[in-house]
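As structure tokens, the structure follows; a few thoughts come after it.
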Amino acid sequence: MQQAFQPPPYPYDRLDALRPVAEQLPGGCVDLSIGTPCDPPPAFVVAALASSDRERGYPPSIGSADLREAAAGWFDRRYGVTIPPSQVAACVGTKELVVGLPQWLRLRTPDRDTVLYPEPSYPSYAMGATLAGCRSVAYQRLDDIDPADVDRALCLWVNSPGNPTGELHDLGTYAAWGRERGIPVLSDECYIEFTWDGPGRTILSEGPDGVVALHSLSKRSNLAGLRAGFYAGDAELVHYLSEVRKHAGFMVPGPVQAAAAAALADDTHVDEQRERYRRRLELMASALGSLGVEAEMPAGAFYLWARSPHGDAWKLAAEIAERGGALVSPGDFYGPAGAEHVRIAVVQPDDRLALVAERLAG
Ligand SMILES: Cc1ncc(COP(=O)(O)O)c(C=O)c1O
């Protein structure tokens, strides 16, 4: 008999025991666990949301023409990539697409059942496989993937800059790997505009065939509450996904599409946000020195990925809660390969991070 699915504890709920520990310090808990933005979105985006006049009719599931053109314009302006708007489609924030893709791809290729994903990584790559009744197989290097798993692969995920490590990957190698084997490469690029070691890169620079790039407004424009994202790439795959998602009823609300189009047309606010994150990463990296923790500046994203001096992530997370009054994520949230690290999201205002630094130094 098949076993009933039991949702596992949500990773961040596992921090509930540490929260009161951090809360006890004067000034309270500083939450550096979930990567949720704290800074305001641009006022012109909020104005576009309020004045779109797109509330009453159903919005196009694939995305409005202005949103898809704004996304194509952004690829061109920021990364020198030409992609026609017909190869761009909207999603309700990227998490639902990350989790939903195995299900949609399995319907298209029923004789394949395996999702290949990097480790350590954002937990939703593996969860999407589970929820689709597929196998999830973690890899650390492309060359190490078992050929038997390659033969069963529905898709391969890559995430650059990567969450939680911040690593930048050579996306050309991934695109070539997928094309040689006829396996779609899904490139999650939602931190692309926050890189600290060279420019951000998109897999679409290798051409769109056989690849899909996923992008989010959540991080670049501080719009995680709006739920707006988009995907672009292979003409046939984007067409298939947008059709199946239309049947399934996925729609980004009309006013949100208008706001997302406005946000994508502007880079100034993103460059300002970049500088905030850079400053905060540097501040927290040096603050951790008080605990004997060496945290290097990441190559990208807004997380410090710090090795616990005693090799035990939960012990370090407890120390940071007790002494710094901050909540951080033990690395096993991102798979067993992360068990010796903690992830610190610099998503609190400067004065709150300065408070953590003072507490750790004191
Ligand atoms: C690697 C990665 N992909 C996707 C997402 C989902 O972002 P959203 O659903 O807000 O677009 C996140 C959020 O933290 C993430 O870290």
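Order of listing sets the numbers, starting from 1, for every ligand and every atom in it. These numbers were taken from a predicted model, which means no experiment stands behind them.
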Aromatic ring proximity, centroids under 6.0 angstrom, Tyr122 and Tyr334
no
Please find out if less than 6.0 Å separates the ring center of Tyr117 from that of Tyr125.
no
Among Leu353, Ile320, Val342, Leu327, find the one that has a side-chain contact (heavy atoms from CB on, under 4.5 Å) with Leu32.
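Only match with Leu32 under side-chain contact (heavy atoms from CB on, under 4.5 Å): Leu353.
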Stepwise side chain to side chain contact (heavy atoms under 4.5 Å, CB included) test for Leu101 and Tyr231
CA-CA 11 Å; Leu101 265 158; Tyr231 56 103; over 6 Å; no
Take every heavy atom of Tyr125, measure it against each atom of ligand 1, and state whether any distance is under 4.0 Å.
yes
Report yes or no: does a heavy atom of Cys190 sit under 4.0 Å from some atom of ligand 1?
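Distance cut 4.0 Å: Cys190 passes for ligand 1.
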Tell me whether His310 at atom NE2 has more than 12 heavy atoms from other residues, nucleotides or ligands lying less than 6.0 Å away.
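For His310, atom NE2 is crowded (more than 12 foreign heavy atoms under 6.0 Å).
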Can you tell me the protein heavy atom closest to [atom] and the distance?
atom                    : value
atom 9 (O) of ligand 1  : Arg227 NH2, 2.7 Å
atom 1 (C) of ligand 1  : Asp188 OD2, 3.4 Å
atom 14 (O) of ligand 1 : Lys219 NZ, 2.7 Å

Could Arg108 and Tyr240 be counted as a cation-pi pair, given that NZ or CZ must be under 6.0 Å from the ring centre and within 45° of the axis?
yes
Looking at Tyr303, is Arg343 sitting on its ring face, NZ or CZ under 6.0 Å from the six-membered ring centre and within 45 degrees of the normal?
yes
Please state which part of [X] comes within less than 4.0 Å of ligand 1, counting heavy atoms only: side chain, backbone, both or neither.
X      : result
Thr94  : both
Ser218 : side chain
Asn159 : side chain
Tyr334 : neither

Working note: Phe230 + Phe75, criterion side chain to side chain contact (heavy atoms under 4.5 Å, CB included); need CA distance, chi angles, decisive distance, verdict.
CA-CA 12 Å; Phe230 58 94; Phe75 273 118; 3.7 Å; yes
State whether the shortest distance between N or O atoms of Tyr191 and N or O atoms of ligand 1 falls below 3.5 angstrom.
yes
What atoms of ligand 1 come within less than 4.0 Å of a heavy atom belonging to Asn163?
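In order of number, 1 (C), 15 (C), 16 (O).
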